[in-house]
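What follows is a short report on a single structure.
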Amino acid sequence: TLVVVFNGEIYNYKALHAELTARGHTFATDSDTEVLLHGYEEYGPELLQKLRGMFAFAIWDKTEQKLFGARDIFGIKPFYYTQRQGHFIFASEIKSILEHPAYERALNEDALAAYLCFQFSALPETFFRGVFKLLPGHCLRVHADGTISERRYWRPTYAIDRDRSEADAVDAIAAAMRESVRYH
């Protein structure tokens with residue numbers, strides 16, 4: 001009942017595979033892509049809180065006729081989309097959207113103006129009118145009626161621990177780096 005399109009890598013997929021197997025899921029492969037499907041089946045959008053990696057993916061729920069899409073918290077993997085003539089069109093590269101027969105190429109002058117002022121585009125809009133990028137740490141749902149709801153699923157937190165010594169802080173940063181490299 002679920003179909004996935006996935007660009008990226010889930011670093012902690014083996015741990016998630018074991019967790020889902022313990023919850024009764026049966027896997028046909030040992031891939032991170034299949035972990036996304038079973039994870040979404042088990043947790044729904046809350047799966048995003050469990051993922052470590054670089055990714056952009058979309059999952060089509062055939063039963064509910066809804067599409068769920070998400071992008072990693074750092075925005076390493078891109079996710080572009082537009083709606084044209086009743087079609088929701090998405091891709092990891094804008095050039096794929098430009099080739100779709102329903103999309104007519106047009107310059108987005110507002111995005112160009114922001115880029116010329118700031119030398120980057122922090123907006124969800126791209127240089128092509130009506131083509132948007134899903135922001136890092138965001139997900140979206142395309143409903144059966146064509147409406148799109150988008151939300152931020154992750155925010156960085158900044159906690160200051162004034163009781164931690166400098167040596168403990170250095171050790172904690174080193175441990176976090178080792179863990180990140182191990183997962184990667």
Side-chain angles (χ1 to χ4, degrees), residues 1-83 87-93 96-97 124 132-161 164 168-169 171-184:
T1 61
L2 299 175
V3 178
V4 64
V5 177
F6 170 52
N7 178 13
E9 186 176 348
I10 305 301
Y11 304 140
N12 63 332
Y13 82 95
K14 288 184 185 253
L16 291 170
H17 186 285
E19 180 181 317
L20 291 162
T21 299
R23 295 181 73 100
H25 290 263
T26 304
F27 289 81
T29 69
D30 187 31
S31 71
D32 54 356
T33 306
E34 190 177 3
V35 166
L36 283 177
L37 282 174
H38 286 279
Y40 185 78
E41 191 174 50
E42 182 70 28
Y43 304 113
E46 295 310 307
L47 168 67
L48 297 172
Q49 304 306 322
K50 297 177 171 287
L51 297 178
R52 292 187 66 152
M54 55 177 179
F55 57 84
F57 67 85
I59 295 177
W60 172 247
D61 185 326
K62 292 180 186 181
T63 306
E64 297 203 15
Q65 297 288 293
K66 291 181 182 178
L67 183 81
F68 177 77
R71 189 169 179 207
D72 65 82
I73 63 174
F74 295 112
I76 297 169
K77 294 296 183 180
F79 187 112
Y80 297 102
Y81 67 93
T82 189
Q83 276 189 308
H87 299 283
F88 179 80
I89 307 162
F90 67 97
S92 58
E93 294 185 11
S96 298
I97 293 173
F132 300 91
K133 61 184 172 189
L134 186 61
L135 294 175
H138 281 69
C139 62
L140 60 76
R141 185 171 303 276
V142 182
H143 303 273
D145 65 359
T147 59
I148 299 172
S149 54
E150 191 174 320
R151 72 175 175 88
R152 187 172 188 171
Y153 71 85
W154 182 85
R155 272 185 204 285
T157 57
Y158 305 99
I160 298 174
D161 184 355
R164 180 181 277 183
D168 287 344
D171 289 344
I173 291 169
M177 290 296 291
R178 279 191 301 277
E179 179 186 31
S180 181
V181 169
R182 181 175 56 84
Y183 270 115
H184 193 74

### Query
Distance-only, no hydrogens or angles: does the Arg71 side chain make a donor-acceptor pair with backbone N or O of Lys77 under 3.5 Å?
yes
### Message
Between Lys50 and Glu42 (salt bridge meaning N to carboxylate O under 4.0 Å), is one present in this structure?
### Response
no
### Task
Taking the side chain as every heavy atom from C-beta outward, state whether Tyr40 and Val4 have any atom pair closer than 4.5 Å.
no
### Task
List the steps, then state whether side chain to side chain contact (heavy atoms under 4.5 Å, CB included) holds for Phe79 with Asn7.
CA-CA 9 Å; Phe79 187 112; Asn7 178 13; over 6 Å; no
#### Entry: Other residues, nucleotides, ligands: >12 heavy atoms within 6.0 Å of Phe27 CZ
yes
### Query
Taking everything shown except Lys14 itself, do over 12 heavy atoms lie less than 6.0 Å from its NZ?
no
### Task
Report yes or no: does Glu64 contribute a side-chain atom to a donor-acceptor pair with the main-chain N or O of Ala144 at less than 3.5 Å?
no
## Note on the structure
Sequence neighbours excluded, the answer for side chain to side chain contact (heavy atoms under 4.5 Å, CB included) partners of Arg152 is His138, Arg155, Pro156
### Whether His38 and His25 hold their rings parallel, tilted or perpendicular, with breakpoints at 30° and 60°
perpendicular
### Query
So, the side chain of Asp32 versus the backbone of Tyr13: is there a donor-acceptor pair under 3.5 Å, distance only?
no
### Task
Look at the side chain of Thr21 and the backbone N and O of His17, then say whether any donor-acceptor pair between them is shorter than 3.5 Å.
yes
### Query
Any side-chain heavy-atom pair from Phe90 and Leu67 closer than 4.5 angstrom?
yes
### Task
For residues Phe55 and Phe6, establish whether the separation of their ring centroids is below 6.0 Å.
no
### Message
Return the OG1 to CG distance between Thr63 and Leu2, rounded to the nearest 0.5 Å.
### Response
7.0 Å
## Note on the structure
Glu41 meets the salt bridge (Lys or Arg N to Asp or Glu O under 4.0 Å) criterion, sequence neighbours left out, with none
